[in-house]
Each structure stands twice: as structure tokens, then as C-alpha cells.
Amino acid sequence: MTEPLNGFTGFGRRDPGFVSASQAMRQAETEARMAQSDPLGSARRATEARAASAQALSQATADLGRGVNPWGNPTARSGALRFARDDAGEGRPSFDPDKLASIPPVDRRWSWVEVDLNAIRHNATAVKKRLAPGTRLMAVVKADAYGHGAVQCARTALNSGAEYLGVATVDEAIQLREALINAPILILAEPPVTAIPLLLGYKVMPTVYTAEFAIQYAEAADAFGLRAPFHLKVNTGMNRIGVRHDEVVPFMHQVGFHRALELVGTFTHFATADCAETLDFQIQVKRFIEAVNALRGAGIDPGIIHAANSAAAIRYPDVQFDMVRLGIGLYGFHPCPETYPLIDLRPAMSVKARITDTRLVPMSEGVSYGLHYRSPGSVKICTLPIGYADGLRRNLSGRVRFLLGGASVRQVGNICMDQCMFEVDLRTYGLRERIDPQVGDEVVIVGSSGDASVTVEDLCDLLDTIPHEVTIGFGCSRMPRLYV
């Protein structure tokens, strides 16, 4: 009869002298009682035990040097002692922190996000080809590039024709600067005045729409003998931030006296560029053009004019102006159904995991919190180390399918914070190929396997949301990102 697996080491056969946890606890209790009645004897036994342990460890190290594995498991040497310090000597080895740090993230937890930088490159190039000569391309890499990794995506976009970068926060801009990215960076909203020294120190341009910020920004720059470049945000109807479209000239007269201020660009943001109905979009376009013309009429150079997001850049060539801002389209997702026939975009993100557990659950027994799912029998329940803390939203429970070896499998039970389960039907019938999943098998959460695929849009349909939220949920989680 085969002995059960040791849950800590994974050995199928216990070595001579193996002591289980329960045995060790009972032995410790016995020794404690003996120590109270015979303290000298207890100390002697402890000394003898330490000496025996040191001798065994020395022998194990010597055996390893001769190519003999004393642990009875060929992976034990590569999985443990190879991470010891090289100068361990004859005594007890200790772990080398640098060697431990070399263990890849996907070997620490079997779930990860893959980002295809070739897809990023393709999407930037595809949009760039649609622009008029001289029109700049801004790659929007806020929210860690929508979960795809800001530094890597920024570099790829800049190498594919982008000239500007857009972020949402000061820290996002600093991350790019510390990665030695020198392209112009625009913060797409006005930061707090307390962040002004960081803007000037890292050479990052803010968006401006309040006089208080503009003056303090200019004063700080002047004190250091610097210019204070900025982009003016115009509110043309979205009513989120910005100077009202019919007040831009008075605003610039209010702040434009300061010698340090430099208006580098003027922009707005469309609220409905991705909607089938175009009336509100056309109203915003008209207001923006009037605001820009008003600035010029007052003798104020508006600088770089930009308004188009991904949807507008693809759908409406007339509003490309001097620059377009490519956000969700950069990562391969269409902003609306109307753009599908206009451009080929390739999703850059996929999400994968490896099976950590498989078990045959008897008929009618439940799985996961609440036991809402009950086994129908003849199924294998497989566990994956990915949950709602990793972007796999809990309200997808029992509604989503994964891919295993090109076959579609059904997620079952409530999705947990750190794990989720799926079922595999073990019955054979008709021409259906039987699947027998094993621990370590790769499963696709989002992406393709064989001829089958699960897309971000599939999850969006189930969640009634947009790709932005789904990709940020996966990519900005604790899962590592791999670039392919």
C-alpha cells in the first residue's frame, strides 16, 4: 500500500527517521516534562541532537558534492541548496538573498499576465498611418498603461512613432522619468500645488485650468530660473475639469502676464466620440474650434491643439488637429463597434494560470464558499491560483469559461479572493476527446488556446463594463507581468 504524500516536502516515500508533525508535537511535550524532572539529562540530549543534526547536514553536503542526493528526490538539490551562499563552508548553509531574488515570479505563484509588445507596436503603427503628415501621436500610459506596464509600453510606443506620453498622476510621470524616458510627458489633469516642485524637478508638464495653480507654478519656476510649460484644458461639454470654452481668453489674460508661464498646448476631451449618436460630439467640436480661434484672435498662440481620443482619432479625421491621444486603442481594444471595420487592432494582454490542485468530488458535494455549485459526479475539480484580488471579478462566478489545451471548461463555485475552480467532465461519449487535467497544466483565463479564445470583450459583456476596467483589474493586480 502506498503511503500518503507528505504535504510539506511532496515526497511519496518517507525516508528512514521521518517524524510526522503530530509525532514531533508529542515528542516535544514528553521532552518538556522530562526536562522539568531531569534538566541535566534534557540538556545532554539536546546537545547530542544538535551534534547529530550537524553531522547529518555535513554528510548531505558531501554527498551532493559527489552527485549523490541524500534526500531521495532529484529536485531537492536544485530547489534548495543551490540557493545557499557559496561560502557556506562546512557548517549549516544559509540562503543567499540574491539567489532567492532570482526565482522568477511565475515560480512563486502560478498565475500571470502576458503582454505582447509586438501587438502594442502594431496598434501604434496602425493609428499612426491614419494620421495626416505632421500630426503627433500621444501614447496614453496612465494606470500603468491600462494594466500593461507603463515603462515597457511607453518605450514600445515611442519606438513605434509616438512623440508624447500622457499620464494621470505625478507619480506616474516620475516612474517614466526614473526609467530614463525623456519624451514630453503631460499630466492630463491639474495636480495639487504641493506637487509643483516635482513637476519642475522631473520636467513634467501639467494641465492647467485654475488661476491659483498657474500663478504658483509660474512663481516656483521663476525662482529657479525655469520656464513653466503647460497645456490648457478646455471644458467643451463633458463638465469634468477645464476652463469653460467661452472663458478661455479671460482666463489667459488673468494668468498670461507671468513671464515664466509658457502655453505649450490646448486641448479638450470628447464625452461621446464612441457613441453612435453624434450630436453632442459635434457640439463639443464646434465649441473647441471656437475657443481655439478666440485665443488666436486675442493674439495668444494655443500651441499644440489636441482633442481626439482613440474613438475620435479612428472615426473622425477632421478632429485629429495637431495631435491625437491614443489610449485603449494602443492596447488593442476597439473603443466602439463603429471602429471595427476601420482599423485592425490586436489585443496585447492575455491572462494565464497553472493548476495547483485536482480532485474527484463525489456527486452532490459542493465546491467553494456557499457550496452553490454541486458536483454532478464524474467530474474533476481543478483549482487555479487566481481570484478577485487578481482582477477575476467575483460576479463572474459560474458564468465564465477557461481554456485548457484548446478545450473550453466551465468555472464553477464562487470565485475566491486568491483562487477559483473549474470542472472537467471525465465521461467519454461520441467523438468528444476525454481530458484528464494534471497539476501544473496551463490554463488560459483570457487569450487563445488552439482554435478557441476568451476575450476581454467576452468578460465585459458578462460584467456590463468596458475593456479599460477589465485590463486594469488584471494588470494592476499582484500577478506578475511577462513580456513576449
Q: So which atom in Leu199 and which in Val170 form the shortest heavy-atom distance, rounded to 0.1 Å?
A: CD2-CG2, 4.1 Å
Q: Does His258 reach the main-chain N or O of Val255 with its side chain, forming a donor-acceptor pair under 3.5 Å?
A: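 No; zero donor-acceptor contacts below 3.5 Å.
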Q: Could you list all the side chain to side chain donor-acceptor pair (under 3.5 Å) pairs where at least one residue sits in residues 193-208, not counting sequence neighbours?
A: Glu178-Tyr202
Q: Does the side chain to side chain contact (heavy atoms under 4.5 Å, CB included) test come out yes or no for Leu462 and Leu396, once each step is laid out?
A: CA-CA 7 Å; Leu462 294 172; Leu396 288 171; 3.8 Å; yes
Q: For residues Ile435 and Pro437, determine if any side-chain heavy atom of one lies less than 4.5 Å from a side-chain heavy atom of the other.
A: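 Side chain of Ile435 against side chain of Pro437, heavy atoms only: contact under 4.5 Å found.
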Q: With a 3.5 Å distance limit and no angle check, can you tell me whether Asn159 reaches the backbone of Arg155 through a side-chain donor-acceptor pair?
A: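 Yes; judged by distance alone, with no hydrogens or angles, the pair exists.
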Q: Among residues at least two apart in sequence or on other chains, which ones pass side chain to side chain contact (heavy atoms under 4.5 Å, CB included) with Asp344?
A: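 Checked Asp344 against side chain to side chain contact (heavy atoms under 4.5 Å, CB included); matches are His122, Arg346.
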Q: Backbone N or O of Leu426 within a donor-acceptor pair of the Arg434 side chain at under 3.5 Å?
A: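 Yes: the side chain of Arg434 pairs with the backbone of Leu426.
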Q: Measure the CG-CG distance between Leu158 and Leu176 for me, rounded to the nearest 0.5 Å.
A: 9.0 Å
Q: Locate the shortest heavy-atom distance separating Pro229 from Pro206; write the atom from each residue and the value.
A: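 Here Pro229 and Pro206 meet closest at O-CD, 3.3 Å.
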Q: Decide yes or no for Cys420 and Tyr388: does some side-chain heavy atom of the first lie under 4.5 Å from some side-chain heavy atom of the second?
A: no
Q: Looking only at heavy atoms, what is the nearest atom pair of Leu295 and Pro302, with distance?
A: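 Looking at all heavy atoms of both residues, the closest pair is CD1-CB, 4.1 Å.
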Q: I'd like to know if the side chain of Arg227 and the backbone of Arg259 have a donor-acceptor N/O pair within less than 3.5 Å.
A: yes
Q: Enter the distance from Ile304:CD1 to Phe321:CZ here, rounded to the nearest 0.5 Å.
A: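 One finds 14.0 Å between CD1 of Ile304 and CZ of Phe321.
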Q: When you check the gap from the basic side-chain N to the acidic O, do Arg177 and Glu172 get nearer than 4.0 Å?
A: no
Q: Test of understanding: with salt bridge (Lys or Arg N to Asp or Glu O under 4.0 Å), list the residues that count as partners of Glu290, not counting sequence neighbours.
A: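 Salt bridge (Lys or Arg N to Asp or Glu O under 4.0 Å) check on Glu290 returns Lys286.
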Q: I'd like to know whether CZ of Arg478 has more than 12 heavy-atom contacts from other residues, nucleotides or ligands below 6.0 angstrom.
A: yes
Q: To the nearest 0.5 Å, what is the distance between CD1 (Ile415) and CG (Asp390)?
A: 10.5 Å
Q: Distance check, rounded to the nearest 0.5 Å: Glu163 atom CD versus Met323 atom CE?
A: 9.0 Å
Q: Tell me every residue that passes salt bridge (Lys or Arg N to Asp or Glu O under 4.0 Å) with Lys380, counting only those two or more places apart in sequence or in another chain.
A: Asp436
Q: Kindly list each side-chain donor-acceptor pair under 3.5 angstrom involving residues 270-278, sequence neighbours excluded, with atom names and distances?
A:
| residue | atom | partner | partner atom | Å |
| --- | --- | --- | --- | --- |
| Thr272 | OG1 | Phe281 | N | 3.3 |
| Glu277 | OE2 | Leu279 | N | 2.5 |
| Glu277 | OE2 | Asp280 | N | 3.4 |

Q: So Tyr146 and Val141, do their side chains get closer than 4.5 Å, heavy atoms only?
A: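 They are not in contact (no side-chain heavy atoms under 4.5 Å apart), so the answer is no.
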Q: If you round to the nearest 0.5 Å, how far is CG of Asp116 from OG of Ser350?
A: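 Going from the OG atom of Ser350 to the CG atom of Asp116 covers 8.0 Å.
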Q: Assess whether atom CZ of Arg121 is packed by more than 12 heavy atoms of other residues, nucleotides or ligands within 6.0 Å.
A: yes
Q: For Ser448, is there any backbone N or O sitting under 3.5 Å from a side-chain donor or acceptor partner on Ser453?
A: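 Pair absent, no side-chain N/O of Ser453 close to backbone of Ser448.
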Q: Can you check whether Asp301 reaches Leu263 side chain to side chain, under 4.5 Å on heavy atoms?
A: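 They are not in side-chain contact.
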Q: Can you give the donor-acceptor pairs under 3.5 Å from side chains of residues 238-246 to other protein atoms, not counting sequence neighbours?
A:
| residue | atom | partner | partner atom | Å |
| --- | --- | --- | --- | --- |
| Asn239 | OD1 | Asn235 | ND2 | 2.9 |
| Asn239 | ND2 | Gly237 | O | 3.2 |
| Arg244 | NE | Asp246 | OD1 | 2.8 |
| Arg244 | NE | Asp246 | OD2 | 3.2 |

Q: So, do Leu459 and Val456 sit near enough that their side-chain heavy atoms are less than 4.5 Å apart?
A: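 In short, these two side chains do not touch, never coming nearer than 4.5 Å.
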Q: Would you say the side chains of Arg427 and Ser378 form a donor-acceptor pair under 3.5 Å?
A: no
Q: Under 3.5 Å, which donor-acceptor pairs do the side chains of residues 327-337 form with other protein atoms, sequence neighbours left out?
A:
| residue | atom | partner | partner atom | Å |
| --- | --- | --- | --- | --- |
| Tyr331 | OH | Val140 | O | 2.7 |
| His334 | ND1 | Thr339 | OG1 | 2.8 |

Q: In the structure I gave you, are the side-chain heavy atoms of Leu404 and Val424 within less than 4.5 Å of one another anywhere?
A: yes
Q: For Arg130 and Ala126, indicate whether the former's side chain and the latter's backbone hold a donor-acceptor pair under 3.5 Å.
A: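 It does not hold such a pair.
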Q: How close do Val151 and Ile181 get, heavy atom to heavy atom, and via which atoms?
A: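 Reported closest heavy-atom pair: O-CD1, 4.0 Å.
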Q: For Phe213, check ring-ring contact (aromatic ring centres under 6.0 Å, His included) against everything at least two apart and list the hits.
A: Tyr217
Q: Any donor and acceptor pair, going by atom type alone, linking the side chain of Thr236 with main-chain N or O of Thr268 inside 3.5 Å?
A: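 It does not hold such a pair.
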Q: Does Asp464 CG have over 12 foreign heavy atoms under 6.0 Å away?
A: no
Q: Go through the structure and list residues passing ring-ring contact (aromatic ring centres under 6.0 Å, His included) with Phe230, not counting sequence neighbours.
A: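 Phe230: no ring-ring contact (aromatic ring centres under 6.0 Å, His included) contacts found.
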Q: Apply side-chain hydrogen bond (donor to acceptor under 3.5 Å, both in side chains) to Thr210 and Glu190, showing your working.
A: CA-CA 8 Å; Thr210 67; Glu190 187 179 270; 2.7 Å; yes
Q: Supply the atom-to-atom distance Asp318 CG to Ile289 CD1, rounded to the nearest 0.5 angstrom.
A: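 Between atom CG of Asp318 and atom CD1 of Ile289 there are 8.5 Å.
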Q: Please examine the side chains of Leu403 and Val454, heavy atoms only from C-beta on, and report whether any two atoms are closer than 4.5 Å.
A: yes
Q: Would you say Ser160's side chain and Thr156's backbone share a donor-acceptor pair under 3.5 angstrom?
A: yes
Q: How about Tyr209 and His231: are their ring centroids closer than 6.0 Å?
A: no
Q: Can a donor-acceptor pair be found, under 3.5 Å and without considering hydrogens, that links the side chain of Gln320 to the backbone of Ala313?
A: yes
Q: Using the side-chain hydrogen bond (donor to acceptor under 3.5 Å, both in side chains) rule, take Arg481 and His148 through it: C-alpha gap first, then chi angles, then the decisive distance, then the call.
A: CA-CA 8 Å; Arg481 279 191 295 258; His148 294 71; over 6 Å; no
Q: Might you point out which heavy atoms bring Ser449 and Gly405 nearest each other, and give the distance in Å?
A: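 Scanning both residues completely, I find the closest heavy atoms to be OG-C, 3.7 Å.
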Q: side-chain hydrogen bond (donor to acceptor under 3.5 Å, both in side chains) with Arg374: which residues, sequence neighbours excluded?
A: none
Q: May I ask you to test the Leu463-Cys460 pair for a side-chain heavy-atom distance under 4.5 Å?
A: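 No; the side chains remain at least 4.5 Å from each other.
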Q: Kindly assign one of parallel, tilted or perpendicular to the pair Phe267 and His306, based on the angle between their ring planes and the thresholds 30° and 60°.
A: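 If you compare the ring of Phe267 with that of His306, the planes turn out parallel.
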Q: Using distance alone, with no hydrogens and no angle criterion, decide if Tyr373 and Glu423 have a side-chain donor and acceptor under 3.5 Å apart.
A: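 Distance-only check passes for Tyr373 and Glu423.
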Q: Does Gln254 have any side-chain hydrogen bond (donor to acceptor under 3.5 Å, both in side chains) partners at least two apart in sequence or in another chain, and if so, which?
A: none
Q: Could you tell me whether a side-chain N or O of Arg109 sits under 3.5 Å from a main-chain N or O of Met479, the two making a donor and an acceptor?
A: no
Q: Looking at residues at least two apart in the chain, or sitting in another chain, which of them share a ring-ring contact (aromatic ring centres under 6.0 Å, His included) with Phe224?
A: none
